[in-house]
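Okay, structure first, notes after.
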Amino acid sequence: MERQRSFSFKSTRFLVFSFIVSSSFIFLVIFFTWVVKSNPSVHQATHFQFNKSFVNLGGPKPVTVESSSSSISNDSAGTVKRSTVTDSPFFKRENASGSDKFSGLKEIQRQESESEVLEDGDSELEDPETDQDGAPGPSIEDIEVESSELTEKDEIRANSVDKLELPSNIENKEEKKTRVTSVDKNEVPSNGKIEEKKINSCDITRGKWVYDERYPLYTNGSCPFIDEGFNCDSNGRRDRHYMKWRWQPQDCDFPRFNAEKMLGLIRGKRLVFVGDSINRNQWESMLCMLMKAVRDPKKVYETHGRRITKGKGNYSFKFVEYKCTVEYYVSHFLVHESKARIGQKRKPTLRIDAIDHGSSRWRGADILVFNTAHWWSHYKTKAGINYYQEGNQVHPRLDVSTAFRRALMTWASWVDRHINPGKTQVFFRNSAPSHFRGGQWNSGGHCTEAAWPLNDTLGMSYPEKNKIVEEVILQMKTPVTLLNVTGLSAYRIDGHPSKYGKNPGNRYSSNIQDCSHWCLPGVPDTWNEILHFHLQSKQKFKSHSRFQL
């Protein structure tokens, strides 16, 4: 009986043990199957995160330029510190060859926008990263293509990682790349550069001119500051279409100029334009645009009692209600025009190693807008024979491009030594194209018959002097914002005074036309809208940065 009871007990234990083993095996099979099915999505998510990190780490290294991009340090609003065209640092051009038509500013702003979320570093990766398998990581081009082809579901998931609100009106592929690069929280700097990026993400150089009946922003009758050479309407021009065009960027809305906001931005400050007569063109435009918000015109006056004419080169207009001044100082080359003894005579020279002697007037300004280009196309500067001087040496012959570069470097050195980026915002407007047909200004060149903008600018190339400006700005330590007006102005052959640059009652040769300067109201108003846009963007960025801190 004892044996039978013992046998029965052992049999029961064996059955229980077998059941537990079988159940465990089935559970392991089910669990393994579930892991295998779910593993691809996990791996895919991990791969996506890697791509994002690689884009951030592998982007171009910011250069110090306060206007466009590159070796210029960034300011608070999108300038390139070394050569930036905005308060954002990083004005570096990827395509220095300039083969693309009027692509300079677009390239600069794109670099500036992309580099704002990166820390200072080299423009290329010194040691390419590798993935977990040891294979070389994907190139930047591969990553950008992969990022731009993300599904809508992936993009929503990526945007949910960080709560940045990107501009909803920008739908181009470049913005999709930006979304990917700014997704990883670990890569987002805490100094407000993301807000700066959003503000300056509008590429204002790509667009078209749109006929708009709400323009012009002022009339020649409402503005007493338009000198005779730019007052085409008073000089007999009867077609008024040239006043009605508004620049519309391709990928974003461009804010209409608001005179009250602009005066608010410069309240208690000095807005100073320095350069040749094309900058005087823009300065007069700014005065006229600001007058729209002035309730009492008598509270705007020239501090020295001067009347605007071509014969005078220095002006300072006081806006009493806003305690600000809007000033212009003539400087054709930004460097010193001098004289030297050549043989038995003293002849004019250009000291490309010395800043203009009027530079003391520029110091202390809160906003500086520079330009030079117009006079570098004159005979003496183009020929460069016994004209360019450095120290006591007058060069028997010097190429104009070389001289222009050395002059710009002299200007850049002065800015770096004497301008405080904490107080002064620096802008540099590049060249505005001329539209002479059938000859030059003194050989029968004309543009009288042009009443509408050009359909395209394919026959024009990006000026070499613009490339030099960009390269010099990139080497600066002071933030410089580049105002690239070349491409958009190239369409406006209709905007020049042509034969209406003088009053018909005055004596002048009908063979000489002005296809370099611009009628007012007209194209320079758009340049000032761009300047206003940058100043607003910088102000918004500063406000966002203070809020974050």
Disulfide bond (SG atoms under 2.5 Å apart) involving C447 - partner list, sequence neighbours excluded: C515
Other residues, nucleotides, ligands: >12 heavy atoms within 6.0 Å of N455 CG: no
Residue pair L408 / F428: nearest heavy atoms and the distance that separates them: CD1-CE1, 4.0 Å
Exam field: side chain K499 to backbone Q513, donor-acceptor pair closer than 3.5 Å: no
side-chain contact (heavy atoms from CB on, under 4.5 Å) partners for T219, two or more places apart: S222
For D366, salt bridge (Lys or Arg N to Asp or Glu O under 4.0 Å) partners two or more places apart: K423
Crowding at NZ, K292 (>12 non-hydrogen neighbours, <6.0 Å): no
Pair R246 + E529, salt bridge at N-O below 4.0 Å: no
Pair D212 + R214, salt bridge at N-O below 4.0 Å: yes
Listed partners of R280 passing salt bridge (Lys or Arg N to Asp or Glu O under 4.0 Å), at least two apart: D227, E284
Qualifying residues under side-chain contact (heavy atoms from CB on, under 4.5 Å), relative to A450, sequence neighbours excluded: I493
Close side-chain approach of W527 and N371, heavy atoms under 4.5 Å: no
Results of side chain to side chain donor-acceptor pair (under 3.5 Å) for E321 - residues two or more places apart only: none
N314: side-chain contact (heavy atoms from CB on, under 4.5 Å) partners, not counting sequence neighbours: R306, Y329, V330, R361
Aromatic plane relationship, H332 with W375 - under 30° parallel, 30 to 60° tilted, over 60° perpendicular: parallel
All side chain to side chain donor-acceptor pair (under 3.5 Å) counterparts of H532, not counting sequence neighbours: none
Residues in side chain to side chain donor-acceptor pair (under 3.5 Å) contact with D494, at least two apart in sequence or another chain: R492
F404/W376 aromatic ring centres below 6.0 Å: yes
Intermediate values then yes/no, side-chain hydrogen bond (donor to acceptor under 3.5 Å, both in side chains), Q250 and D203: CA-CA 8 Å; Q250 175 178 303; D203 181 0; over 6 Å; no
Selection residues 273-309 - residue pairs positive for disulfide bond (SG atoms under 2.5 Å apart), sequence neighbours left out: C223-C288
Check: F317 main-chain N/O paired with E302 side-chain donor or acceptor under 3.5 Å: no
Nearest non-hydrogen partners of I355 and H336, listed with the distance: O-CB, 3.7 Å
Contacts of D356 that satisfy side-chain contact (heavy atoms from CB on, under 4.5 Å) - sequence neighbours left out: S331, W362
Sole candidate of W245, F254, W247 that passes ring-ring contact (aromatic ring centres under 6.0 Å, His included) when paired with W209: W247
Heavy-atom donor-acceptor pair, S516 side chain to S434 backbone, under 3.5 Å: no
With R238 via salt bridge (Lys or Arg N to Asp or Glu O under 4.0 Å) - residues at least two apart: none
Whether F370 and W411 hold their rings parallel, tilted or perpendicular, with breakpoints at 30° and 60°: perpendicular
Shortest non-hydrogen contact from I226 toward L520: CD1-O, 3.8 Å
Residues E228 and K502 bridged, charged N to O under 4.0 Å: no
